[in-house]
Amino acid sequence: MEIKKQRLVSGMRPTGKLHIGHWKGALTNWISLQNSEEYDCLFFVASWHALTTKYAETENLKTDILEMVADWL
């Protein structure tokens with residue numbers, strides 16, 4: 001009998017390069033959750049959410065997304 005894993009979905013707002021708060025607050029948790037046998041994990045860039053605070057300043061959004069994803073890797 002196959003046990004179906006629960007699905008976990010989480011995102012991060014692209015605000016530029018990551019800092020220690022991102023590492024300690026989210027990424028270490030994401031790593032342990034994705035390595036568990038309990039969850040299928042989906043992580044995403046919450047780029048639409050970034051527009052809630054910088055809606056008039058979108059010129060850096062693409063760079064912020066690329067930098068954040070590069071830091072994830």
Side-chain angles (χ1 to χ4, degrees):
M1 179 176 178
E2 185 179 331
I3 298 173
K4 190 168 184 165
K5 293 182 180 182
Q6 293 185 39
R7 181 156 297 152
L8 181 131
V9 179
S10 184
M12 190 178 294
R13 201 170 79 155
T15 55
K17 291 188 179 272
L18 298 182
H19 53 73
I20 194 72
H22 294 111
W23 175 253
K24 187 64 178 160
L27 293 175
T28 55
N29 291 322
W30 285 6
I31 291 167
S32 59
L33 289 166
Q34 77 179 3
N35 290 333
S36 77
E37 296 293 322
E38 197 172 343
Y39 298 101
D40 281 325
C41 296
L42 301 169
F43 303 117
F44 66 94
V45 177
S47 56
W48 186 257
H49 186 63
L51 298 175
T52 61
T53 55
K54 294 184 177 182
Y55 60 89
E57 303 169 19
T58 59
E59 62 275 354
N60 294 326
L61 185 57
K62 184 175 181 178
T63 302
D64 289 347
I65 291 169
L66 292 173
E67 286 179 355
M68 186 181 75
V69 172
D71 287 343
W72 284 0
L73 298 175

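- Taking all atoms of both residues into account, the shortest heavy-atom contact from Leu18 to Asp71 is N-OD2, 3.0 Å.
- Using bins of under 30°, 30° to 60° and over 60° for the plane-to-plane angle, the ring pair Trp30/Phe43 lands in the parallel bin.
- Side chains of Gln6 and Tyr39 form a contact here, defined as non-hydrogen atoms less than 4.5 Å apart.
- Taking all atoms of both residues into account, the shortest heavy-atom contact from Pro14 to Asp64 is O-CB, 3.8 Å.
- When every heavy atom of Gly25 is checked against every heavy atom of Asn29, the shortest pair comes out as O-ND2, 3.2 Å.
- A continuous path of ILVMFWY side-chain contacts below 4.5 Å connects Met68 to Ile20, so both sit in one hydrophobic cluster.
- At a threshold of 4.5 Å between side-chain heavy atoms, the hydrophobic network of Ile, Leu, Val, Met, Phe, Trp and Tyr places Trp72 and Leu8 in one connected group.
- In this structure, CG in Leu61 is found 9.5 Å from CG in Leu66, a value given to the nearest 0.5 Å.
- Annotation for Lys62: atom NZ does not count as buried by contact number, only 12 or fewer foreign heavy atoms lying within 6.0 Å.
- The structure places CG of Asn35 at 8.5 Å from SG of Cys41, a figure rounded to the nearest 0.5 Å.
- Hydrophobic clustering, with ILVMFWY side chains joined whenever heavy atoms are under 4.5 angstrom apart, keeps Val9 apart from Leu27.
- The CG atom of Asn60 sits 11.0 Å away from atom CD1 of Ile65, with the distance rounded to the nearest 0.5 Å.
- The two residues Glu37 and Lys5 have their closest heavy-atom pair at O-CE, 3.3 Å.
- Summarising the geometry of Met12 relative to His22, their closest heavy-atom pair is SD-CD2, 3.7 Å, with the distance given to 0.1 Å.
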